[in-house]
Amino acid sequence: MIAVLGASGAVGSRVLAALRSRGFETRAGSRTSGVDLRDERSLAGFVDGARLVVNCAGPSHDTAERVMAVALRAGADHVDAGGDRTRSPSSRPRDVPGRTAVFSAGASPGLSGLLPRSLAPGFTEVATLVSYSGVLDRFTPAGAEDFLSGTTEAGAAWRDGERVSRAVSRVSGLTLPRLPRSVIALPFLDEENVSVALDLSLVDGTWFTFVEDGHLLGAIERVPGLPASAAVRSLCDAAALDMAGRDTHATLLVQLTGTMDGVEAIRTAIARAGSAAEMTAAVTVAAALAVLAGRCPEGVHQAAQVLDPAELSELDGVDIVIEDRPIEELALVEEGTL
Ligand SMILES: NC(=O)c1ccc[n+]([C@@H]2O[C@H](COP(=O)([O-])OP(=O)(O)OC[C@H]3O[C@@H](n4cnc5c(N)ncnc54)[C@H](OP(=O)(O)O)[C@@H]3O)[C@@H](O)[C@H]2O)c1
């Protein structure tokens with residue numbers, strides 16, 4: 001039996017439906033159905049007898065470690081749509097022998113770390129990476145809280161094989177392939193980016209999150225002056241205003257350059273889903289299936305480091321295209337077509 005916590009949420013409801021449609025026996029829980037993860041007895045009762053616990057309850061920065069500890073103690077494996085194993089090392093429970101836990105099985109972090117790993121095979125040497133990630137979608141309060149609690153460093157990048165602060169400035173009026181309007185790209189570096197840089201032996205890496213020049217950008221800029229609860233409300237309201245009447249999307253773009261058999265080479269991957277929750281749920285389900293099939297090693301891991309990048313094409317509802325052209329050229333070709 002698979003116990004899905006946060007099963008009434010944007011991500012959890014999709015994960016539950018996907019697991020049920022594959023014939024798995026599931027148990028769904030959230031406060032609405034009488035399960036409160038802050039009550040240890042309630043949580044222990046919910047995970048009792050589960051082979052796998054999938055945590056989609058948020059905000060994950062506050063729930064992930066707690067749910068994992070109870071799941072592993074009950075003898076279940078664990079998959080989390082969010083969470084970040086790189087934070088608060090002192091509060092980490094020890095790995096439990098024989099058990100597997102996979103964190104950050106979402107869009108970003110998650111697919112954002114898998115996509116560059118899927119492009120790397122074939123390169124003799126990877127030199128540079130440029131990545132853009134963004135959504136036009138509603139913010140759930142849980143998602144907004146996790147966004148605000150993220151351990152990202154604005155303006156930092158990977159240069160000459162090292163982390164460098166204040167390396168990149170924001171880019172305005174940027175046209176990217178598959179996006180209906182120009183965007184503003186905000187550079188950042190997080191622990192997932194650093195692990196990609198180290199795994200691929202990058203010389204330079206630059207990661208941006210993009211937003212349209214709208215209400216959400218203004219709300220992000222006002223965050224530093226606001227108390228946490230007001231900042232969450234402001235992000236949720238602003239995102240809802242920006243998407244009113246529009247088609248939602250979640251889009252990731254990654255470009256690698258380097259050499260293939262002594263020849264300069266370039267590859268770009270574009271991943272797209274109808275919403276952030278859809279993209280996240282697809283990765284969470286892939287992680288759950290990998291754990292159930294014994295394809296993830298024992299111990300506690302980030303999804304991008306243990307899922308097989310070769311299986312990306314099987315993510316439900318995520319369209320992935322790979323091109324041997326730079327992002328800039330793909331955007332120009334689309335502009336020409338329009
Ligand atoms: N990595 C990524 O790219 C990514 C993207 C999107 C989301 N996420 C993460 O996925 C998680 C879910 O996001 P979402 O957008 O689906 O949020 P959501 O729609 O607000 O859903 C949250 C779920 O958690 C449940 N919940 C909240 N507090 C609970 C508690 N104390 N005990 C039990 N259940 C509780 C809620 O139900 P009740 O209110 O009934 O309890 C609801 O089912 C968040 O942590 C978010 O950060 C990750």
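All residue numbers refer to positions in the sequence shown, counting from 1. Ligands are counted one by one from 1 in listed order, and the atoms in each one are counted from 1 as well.
The option with the heavy atom closest to atom 1 (N) of ligand 1, from among Ser275, Ala277, Pro109, Gly12, is Pro109. In this comparison of Glu192, Arg38, Arg14, Arg31, the heavy atom closest to atom 30 (C) of ligand 1 sits on Arg31. Here atom 37 (O) of ligand 1 lies nearest to Ser8 when heavy atoms of Gly6, Ser8, Ala142 are compared. Taking all heavy atoms of Val15, Asp146, Thr140 into account, the minimum distance to atom 15 (O) of ligand 1 is reached by Thr140.
Not one N or O of Pro141 is nearer than 3.5 Å to an N or O of ligand 1, by distance alone. Taking only nitrogen or oxygen atoms, main chain and side chain alike, Gly143 does not reach within less than 3.5 Å of ligand 1. In terms of N/O distances under 3.5 Å, ligand 1 is not approached by Ala276. Residue Ala10 has at least one nitrogen or oxygen atom sitting less than 3.5 Å from a nitrogen or oxygen atom of ligand 1, judged on distance alone. Considering backbone and side-chain atoms alike, Val11 places an N or O below 3.5 Å from some N or O of ligand 1. Of the polar atoms of Gly29, none of the N or O atoms is found under 3.5 Å from an N or O of ligand 1, judged by distance alone. Among the atoms of Pro59, none of the N or O lies under 3.5 angstrom from an N or O of ligand 1.
Of the charged side-chain nitrogens involved, at least one lies within less than 4.0 Å of a carboxylate oxygen, so that Asp199 and Arg117 count as a salt-bridged pair. A salt bridge links Arg38 to Asp62: at least one charged side-chain nitrogen sits closer than 4.0 Å to a carboxylate oxygen. A salt bridge does not link Asp242 to Arg181: none of the charged side-chain nitrogens sits closer than 4.0 Å to a carboxylate oxygen.
Two residues are said to be in side-chain contact when any heavy atoms from C-beta on lie closer than 4.5 Å; Leu136 and Leu179 fail this criterion. Within the 4.5 Å cutoff, the side chain of Thr248 has no heavy atoms near those of the Glu278 side chain.
Among all heavy-atom pairs drawn from Ala105 and Val283, the shortest one is C-CG1, 3.6 Å.
Aromatic ring orientation, Tyr132 versus Phe208: parallel (interplanar angle below 30°, classes split at 30° and 60°). Between Phe210 and His249, the ring-plane angle classifies as parallel under the 30° and 60° cut-offs.
Closest protein heavy atom to atom 26 (N) of ligand 1: Ala57 CB, 4.0 Å. For atom 10 (O) of ligand 1, the nearest protein heavy atom (residue, atom name, distance) is Ala81 CB, 3.9 Å. Scanning the protein for heavy atoms near atom 21 (O) of ligand 1, the closest one is Gly9 CA, 3.3 Å. Counting only heavy atoms of the protein, atom 8 (N) of ligand 1 lies nearest to Thr280 CG2, 4.3 Å. The protein heavy atom nearest to atom 12 (C) of ligand 1 is Cys56 O, 3.1 Å. Among all non-hydrogen protein atoms, the one lying nearest atom 32 (N) of ligand 1 is Leu37 N, 3.0 Å.
Near Thr32, with a cut-off below 4.0 Å to any heavy atom, the atoms of ligand 1 are 38 (P), 40 (O). Counting the atoms of ligand 1 from 1 in the order shown, those under 4.0 Å from a heavy atom of Asp36 are 30 (C), 31 (N), 32 (N). Close approach to Ser60 involves these atoms of ligand 1, each under 4.0 Å from a residue heavy atom: 45 (O). Shown in contact with Gly106 at under 4.0 Å from a heavy atom are these atoms of ligand 1, numbered in order with element: 1 (N), 2 (C), 3 (O). Below 4.0 Å from some heavy atom of Val35 lie the following atoms of ligand 1, by number and element: 32 (N), 33 (C). Interface of Ala107 with ligand 1, defined as ligand atoms under 4.0 Å from a residue heavy atom, comprises 1 (N), 2 (C), 3 (O).
Within a 6.0 Å radius of CZ in Arg66, more than 12 heavy atoms belonging to other residues, nucleotides or ligands are found.
Asp146 and Ser60 share a donor-acceptor pair across their side chains, judged by distance under 3.5 Å alone. Residues Gln302 and Ser195 bring no donor and acceptor atom of their side chains to less than 3.5 Å of each other.
Here OG1 of Thr268 is found 7.5 Å from CG of Leu119. Values are rounded to the nearest 0.5 Å.
Pairs passing the side chain to side chain donor-acceptor pair (under 3.5 Å) check and including a residue from residues 218-239, sequence neighbours excluded, read Arg170-Glu221.
In this structure, Thr209 contributes its side chain and Ser133 its backbone to a donor-acceptor pair below 3.5 Å.
Assignment of Ser108 to the shell around ligand 1 is supported, since a heavy atom sits closer than 4.0 Å.
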